[in-house]
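To start, the structure under review is shown below, and the notes come after it.
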Amino acid sequence: QVQLVESGGGLVQPGGSLRLSCAASGSIRIITSMGWYRQAPGKERELVATISTGGTTSGGTTYYADSVKGRFTISRENAKKTVSLQMNSLKPEDTAVYYCNSRVAVWGVPGLADYWGQGTQVTISS
């Protein structure tokens with residue numbers, strides 16, 4: 001019903017930057033929020049950043065994990081159903097698989113549901 005496709009992961013040196021993007025498609029009636037989570041080896045999946053719609057065509061209310069505040073910026077374009085994560089000043093501890101998440105109402109189905117992308121690897125290493 002809903003597909004999330006991520007792009008932009010890769011290998012970068014400490015202090016470098018990467019930009020992740022995620023595009024949602026399918027029988028989407030409304031998207032209430034989009035966000036990014038990450039999971040490092042041996043650790044639980046954790047929230048990185050989210051952005052809600054606020055009923056606007058772009059932007060929205062943002063939330064960041066303390067570990068990424070001031071370094072990462074989340075943005076979205078509602079009309080295109082895309083969300084991006086600009087990651088600057090990357091650290092080795094940012095290494096993880098990053099997953100796109102979207103909370104969506106689907107046509108013909110009541111309520112909201114969470115959908116996930118397949119994940120994209122981000123590796124920070126010299």
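Values in this document were obtained by computation on a predicted structure and should not be read as measured data. Excluded from the calculations below are hydrogen atoms, water molecules and symmetry mates; all remaining heavy atoms, backbone and side chain alike, are included.
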Problem set entry | Sequence-distant partners of Asp114, side-chain hydrogen bond (donor to acceptor under 3.5 Å, both in side chains), two or more places apart | Arg103

Seminar exercise, completed: In short, Leu4 meets Cys100 closest at the heavy-atom pair CD1-O, 3.7 Å

For this session: Look only at the side chain of Tyr64 and the backbone of Ile74, and say whether a donor-acceptor pair between them is shorter than 3.5 Å.
Result: yes

Exercise. Can you name the residues that form a side-chain hydrogen bond (donor to acceptor under 3.5 Å, both in side chains) with Ser89, not counting sequence neighbours?
Worked result: none

What side-chain donor-acceptor pairs closer than 3.5 Å can you find for residues 36-47, not counting sequence neighbours?
unit_1	atom_1	unit_2	atom_2	d
Arg38	NE	Glu46	OE2	2.7
Arg38	NH1	Asp94	OD1	3.0
Arg38	NH1	Tyr98	OH	2.9
Arg38	NH2	Glu46	OE2	3.2
Arg38	NH2	Ser67	OG	3.4
Gln39	NE2	Lys43	O	3.1

Seminar exercise, completed: Heavy-atom closest pair (Arg76 atom, Ser52 atom, distance to 0.1 Å) is NH1-C, 3.5 Å

Exercise. Are Val104 and Gln1 close enough that some pair of their side-chain heavy atoms sits under 4.5 Å apart?
Worked result: no

Problem set entry | Flag side-chain contact, heavy atom, 4.5 Å: Thr50 against Ser33 | no

Problem set entry | Heavy-atom closest pair, residues Val83 and Met34 | CG1-CE, 3.7 Å

Exercise. Looking at Gln86 and Ser17, what are the two nearest heavy atoms and their distance?
Worked result: NE2-CB, 4.0 Å

For this session: Mark yes or no for whether Glu6, through its side chain, and Gly119, through its backbone, hold a donor-acceptor pair below 3.5 Å.
Result: yes

Problem set entry | Side chains of Gln121 and Thr123, donor plus acceptor under 3.5 Å | yes

For this session: For side chain to side chain contact (heavy atoms under 4.5 Å, CB included), just list the numbers for Tyr115 and Ile28, CA-CA rounded to whole Å, side-chain angles, deciding distance to a tenth of an Å, and then say yes or no.
Result: CA-CA 11 Å; Tyr115 292 87; Ile28 299 170; over 6 Å; no

For this session: Heavy atoms only: give me the nearest Pro14-Ser125 pair and the separation to one decimal.
Result: CD-C, 3.6 Å

Exercise. With clusters built from Ile, Leu, Val, Met, Phe, Trp and Tyr whose side-chain heavy atoms come within less than 4.5 Å, directly or transitively, what are the remaining members of the cluster of Leu11, listed by chain and number?
Worked result: none

Exercise. Would you say Ser25 and Lys81 make side-chain contact, with heavy atoms under 4.5 Å?
Worked result: no

Problem set entry | Thr62 (side chain) donor-acceptor with Ile51 (main chain) under 3.5 angstrom | no

Exercise. Quick one: does Leu18's side chain get under 4.5 Å of Phe72's, heavy atoms only?
Worked result: no

For this session: Please report the closest heavy-atom contact between Met87 and Leu20, naming both atoms and the distance.
Result: CE-CG, 3.7 Å

Exercise. If you group Ile, Leu, Val, Met, Phe, Trp and Tyr by side-chain heavy-atom gaps below 4.5 Å, do Ile31 and Trp116 land in one group?
Worked result: no

For this session: Could you note down all residue pairs passing salt bridge (charged side-chain N to carboxylate O under 4.0 Å, His left out) where residues 14-33 supplies at least one of them, sequence neighbours left out?
Result: none

Exercise. Ser7: what forms a side-chain hydrogen bond (donor to acceptor under 3.5 Å, both in side chains) with it, not counting sequence neighbours?
Worked result: none

